[in-house]
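Note that the structure is predicted; figures quoted are calculated from it, not measured.
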Amino acid sequence: MANISIIGAGSVVFSTSFIRDLCVTKSLWGSKITLMDISKDRLSMIHNLAVRYKKETKADLKIETTTNRREALEDADFVLCTVKVGGYQPMEMERKIAERYGYYRGIGDRVCDYYGGFGAYHQLKFFLDLARDMEDTCPDAWLIETANPVFEGTTLISRETRIKVIGVCHGHLGYEKIAETLGLSLEDVSVEIAGFNHCVWMTHFLYRGRNAYPLLDEWIEKKAEKYWKSEEFLKGLPWETEQMSPAAVDMYKQFGLFPIGDTIRSVSPWWYHVDLETKKRWFGPTGGFDSEIGWSIYLKHREKRLRKMQDLYKDSSAPLTREFPPVMSGEQHIPLIDSIANDREAILQLNIPNRGVISGIPDDVVVEIPTVVSGRGVQGIHIGELPKRLMLYVMIPRMLRMERILQAFKDGDRKSLVLMLMDDPRTESYEKTYALVEELLAQPWNTEAADHYR
């Protein structure tokens with residue numbers, strides 16, 4: 001049995017996955033689940049759906065709710081954080097402001113640390129406050145960080161607090177699309193994926209025990225162009241087609257390993273993103289997940305999903321197991337809890353401090369790597385060296401951006417926010433960048449951030 005607290009339980013996507021997985025995982029039955037969110041309406045909806053799903057699956061779980069964070073943390077063994085402070089509207093407003101200064105698609109033109117607003121301030125502050133609350137109320141609990149930015153957030157928490165923090169993401173599952181496109185059975189495929197969150201690379205790719213990279217090379221040479229003209233690619237959702245896009249293939253050619261999942265968005269070269277037509281050339285007809293077209297599709301899908309959940313909530317007779325079959329969702333959070341709580345050894349893809357796993361990365365920088373998980377904790381599996389070009393032009397620059405974000409946050413350093421933007425190839429002048437920073441911090445949702453950054 002375990003006490004599990006879900007902070008930000010109003011998250012429709014994650015909370016429904018967590019509850020489903022808990023109901024399916026009989027070895028965790030008897031556990032207490034505390035759903036916490038500041039939105040009473042969203043909390044009420046998720047609680048209603050969770051209780052109904054529990055009844056339909058006959059799962060033995062105790063489910064409680066609270067709007068008080070510290071109350072939710074009392075006696076917790078595991079804390080899952082899915083919080084997005086302020087929602088997406090401020091981020092979209094900041095994007096429009098930045099575009100007036102010449103930053104197409106805003107400062108966060110690709111998925112990155114700006115998920116938390118300018119400089120990731122709001123998210124980082126929340127993460128640190130949550131971890132410090134845990135030090136007071138449940139110091140031995142595990143913090144399972146799901147909310148972005150996972151890379152910056154988990155590194156910050158692991159350095160600044162005594163809390164055992166693990167970052168979890170599902171982006172590594174992008175390798176399944178590679179196998180599918182190549183016509184390989186997943187049962188016969190084995191991969192090793194490593195890097196930073198949203199910056200992971202397929203270090204080993206095996207098919208029936210043999211190196212499968214030559215199969216990928218053959219597909220690129222003989223079939224890629226045809227695939228990029230196919231209906232599957234041209235009409236697919238942007239987050240489904242990026243894994244085998246021209247951008248992914250070119251990144252492989254540039255850096256020596258195939259990029260996986262959000263990597264193709266997050267750390268692709270700036271010259272893929274200068275305008276919509278360029279994005280379309282690299283990512284397909286929508287211009288990829290982060291173009292004005294792709295992002296609009298994503299937001300509409302979020303709205304559609306929320307409406308669906310609201311309809312299920314209103315119709316108490318609707319069978320939830322028809323909409324969400326009682327099988328594991330594919331997320332790693334509940335298997336992670338099960339492995340630690342019940343000492344069931346498993347290999348999971350997690351974000352933990354490096355401690356020598358990837359050569360050339362400091363020990364206190366969090367990396368995303370395969371790990372062995374059990375009741376004894378989490379141990380990274382050794383990776384070793386990555387290609388030098390990949391290290392010099394992607395990994396080290398991405399790590400440096402993380403360090404800059406954290407330095408600015410920890411020191412409250414406004415000038416560092418300006419200097420970070422000066423490295424953006426779209427920057428026209430110091431004066432304009434300074435003015436942009438001032439305008440962003442002057443927005444009403446950034447009042448606290450403006451006081452913080454001096």
* With ring pair (Phe, Tyr, Trp, His ring centres under 6.0 Å) as the test, would you mind laying out the steps for F289 and Y298 before giving the verdict? => CA-CA 7 Å; F289 201 158; Y298 170 68; 5.0 Å; yes

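- With hydrogens and angles left out, the side-chain atoms of E428 and Y101 include no donor and acceptor closer than 3.5 Å.
- A donor-acceptor pair shorter than 3.5 Å cannot be found between the side chains of T263 and H198.
- Side-chain contact of E385 with S359: a donor-acceptor pair under 3.5 Å is absent, judged by distance alone.
- For S329 and D21, the side-chain atoms include at least one donor-acceptor pair closer than 3.5 Å.
- For R355, the CZ atom sits in a loose shell: 12 or fewer heavy atoms of surrounding residues, nucleotides or ligands are nearer than 6.0 Å.
- Residue Y213 places its OH atom among more than 12 non-hydrogen atoms of other residues, nucleotides or ligands, all under 6.0 Å distant.
- For the atom pair E71 CD and T65 OG1, the distance stands at 9.0 Å (nearest 0.5 Å).
- Sparse packing is recorded around CZ of R389, with 12 or fewer heavy atoms of other residues, nucleotides or ligands lying under 6.0 Å away.
- Within the model, atoms CD of Q407 and CG of L419 stand 9.0 Å from one another, a figure rounded to the nearest 0.5 Å.
- Taking CZ from R426 and CD1 from I107, the interatomic distance works out to 8.0 Å, rounded to the nearest 0.5 Å.
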* To do: Before giving the answer on ring pair (Phe, Tyr, Trp, His ring centres under 6.0 Å), spell out for Y121 and H452 the whole-Å C-alpha distance, their side-chain angles and the decisive distance to 0.1 Å.
  => CA-CA 9 Å; Y121 170 78; H452 178 76; 5.0 Å; yes

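- Looking at every heavy atom in both residues, E368 comes nearest to N197 through OE1-ND2, 2.9 Å.
- For the pair I264 and F283, the minimum side-chain heavy-atom distance is below 4.5 Å.
- Judged by distance alone, the side chain of D343 and the main-chain N or O of G375 form a donor-acceptor pair under 3.5 Å.
- Between E160 and K125, none of the side-chain N atoms (NZ, or NE/NH1/NH2) sits under 4.0 Å from a carboxylate O, so this pair counts as no salt bridge.
- At least one cation-pi condition fails for K177 and Y175: the charged atom is not both under 6.0 angstrom from the six-membered ring centre and inside a 45 degree cone around its axis.
- Around CD of Q379, the count of heavy atoms belonging to other residues, nucleotides or ligands within 6.0 Å does not exceed 12.
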* salt bridge (charged side-chain N to carboxylate O under 4.0 Å, His left out) between D423 and R404, worked out -> CA-CA 12 Å; D423 279 350; R404 289 172 166 179; 2.6 Å; yes

* Working for side chain to side chain donor-acceptor pair (under 3.5 Å), residues Q123 and N148 -> CA-CA 8 Å; Q123 292 295 91; N148 285 306; over 6 Å; no

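- Looking at heavy atoms from C-beta onward, R69 lies out of side-chain contact with V79 at the 4.5 angstrom threshold.
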* Using the salt bridge (charged side-chain N to carboxylate O under 4.0 Å, His left out) rule, take E152 and R401 through it: C-alpha gap first, then chi angles, then the decisive distance, then the call. => CA-CA 9 Å; E152 281 79 2; R401 187 171 74 184; 5.1 Å; no

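- Under a cut-off of 6.0 angstrom, the local environment of CZ in R210 is sparse, with at most 12 non-hydrogen atoms contributed by other residues, nucleotides or ligands.
- Proximity of W142 to V165: side-chain heavy atoms (C-beta onward) are nowhere separated by under 4.5 Å.
- Shown here for I157 and A131, the closest heavy-atom pair between the two residues is CG2-CB, 3.9 Å.
- For Y393, the OH atom counts as loosely surrounded, since its 6.0 Å shell holds 12 or fewer non-hydrogen atoms of other residues, nucleotides or ligands.
- Counting all heavy atoms, side chain and backbone alike, S15 lies closest to I46 at CB-CG2, 3.9 Å.
- Of the possible donor and acceptor atoms, none in the side chain of D363 sits under 3.5 Å from a partner among the backbone N and O of N354.
- Judged as a side-chain contact (heavy atoms from CB on, under 4.5 Å), and not counting sequence neighbours, the contacts of R454 are D451.
- Using a cut-off of 4.0 Å between Lys/Arg side-chain N and Asp/Glu carboxylate O, D37 and R42 are scored as not salt-bridged.
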* To do: Apply side chain to side chain donor-acceptor pair (under 3.5 Å) to the pair N446 and E94, showing each step before the final yes or no.
  => CA-CA 10 Å; N446 280 333; E94 290 183 3; 3.0 Å; yes

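- Counting only N and O atoms by type, the side chains of S17 and E331 include no donor and acceptor under 3.5 Å apart.
- V372 places none of its side-chain heavy atoms less than 4.5 Å from the side chain of V378.
- In I38, the CD1 atom is not crowded: 12 or fewer heavy atoms of neighbouring residues, nucleotides or ligands sit closer than 6.0 Å.
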* To do: Let me see the working for E192 and T203 under side chain to side chain donor-acceptor pair (under 3.5 Å), right down to the final yes or no.
  => CA-CA 5 Å; E192 179 186 85; T203 50; 2.6 Å; yes

* Asked: What do the steps show when you test S416 against Y453 for side chain to side chain donor-acceptor pair (under 3.5 Å), and what is the final call?
  -> CA-CA 9 Å; S416 282; Y453 292 107; over 6 Å; no

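- For the atom pair S27 OG and N342 CG, the distance stands at 4.5 Å (nearest 0.5 Å).
- Looking at S5, its side chain does come within 3.5 Å of a backbone N or O of A72 through a donor-acceptor pair.
- A side-chain donor from one of S268 and H273 sits under 3.5 Å from a side-chain acceptor of the other.
- Within the 4.5 Å cutoff, the side chain of I166 has no heavy atoms near those of the L143 side chain.
- Residues M395 and F196 come closest through the heavy atom pair O-CE1, 3.2 Å.
- The closest side-chain heavy-atom distance from M251 to P269 is below 4.5 Å.
- The pair R132-E135 does not meet the salt-bridge criterion, since no charged nitrogen lies less than 4.0 angstrom from a carboxylate oxygen.
- Within the 4.5 Å cutoff, side-chain heavy atoms of I297 are placed close to those of H301.
- Nearest heavy-atom pair, T82 versus A147, reported as atom, atom and distance to 0.1 Å: C-CB, 3.8 Å.
- Rounded to the nearest 0.5 angstrom, T154 OG1 and I144 CD1 are separated by 13.0 Å.
- Minimum interatomic distance between L173 and G330 (heavy atoms only, all atoms of both residues): CD1-O, 4.0 Å.
- Counted by atom type alone, D424 and T427 present zero donor-acceptor pairs between their side chains at under 3.5 Å.
- Looking at R105 and E92, no side-chain N of the basic residue comes within less than 4.0 Å of a carboxylate O on the acidic one, giving no salt bridge.
- Salt bridge status for E438 with R414: present, with a side-chain N to carboxylate O gap under 4.0 Å.
- When the shell of 6.0 Å around CZ of R70 is examined, it contains more than 12 heavy atoms from other residues, nucleotides or ligands.
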Pair up each side-chain donor or acceptor in residues 243-250 with any protein partner under 3.5 Å, not counting sequence neighbours, and list the distances.
from : atom 1 : to   : atom 2 : distance (Å)
Q243 : OE1    : G261 : N      : 2.8
Q243 : NE2    : P259 : O      : 2.9
S245 : OG     : E242 : O      : 2.7
S245 : OG     : A247 : N      : 3.4
S245 : OG     : A248 : N      : 3.3
D250 : OD2    : Y272 : OH     : 2.5

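- In this structure the side chain of I293 reaches within 4.5 angstrom of the side chain of K280, judged on heavy atoms.
- Once rounded to the nearest 0.5 Å, the distance linking CG of L417 with CD1 of I405 reads 7.5 Å.
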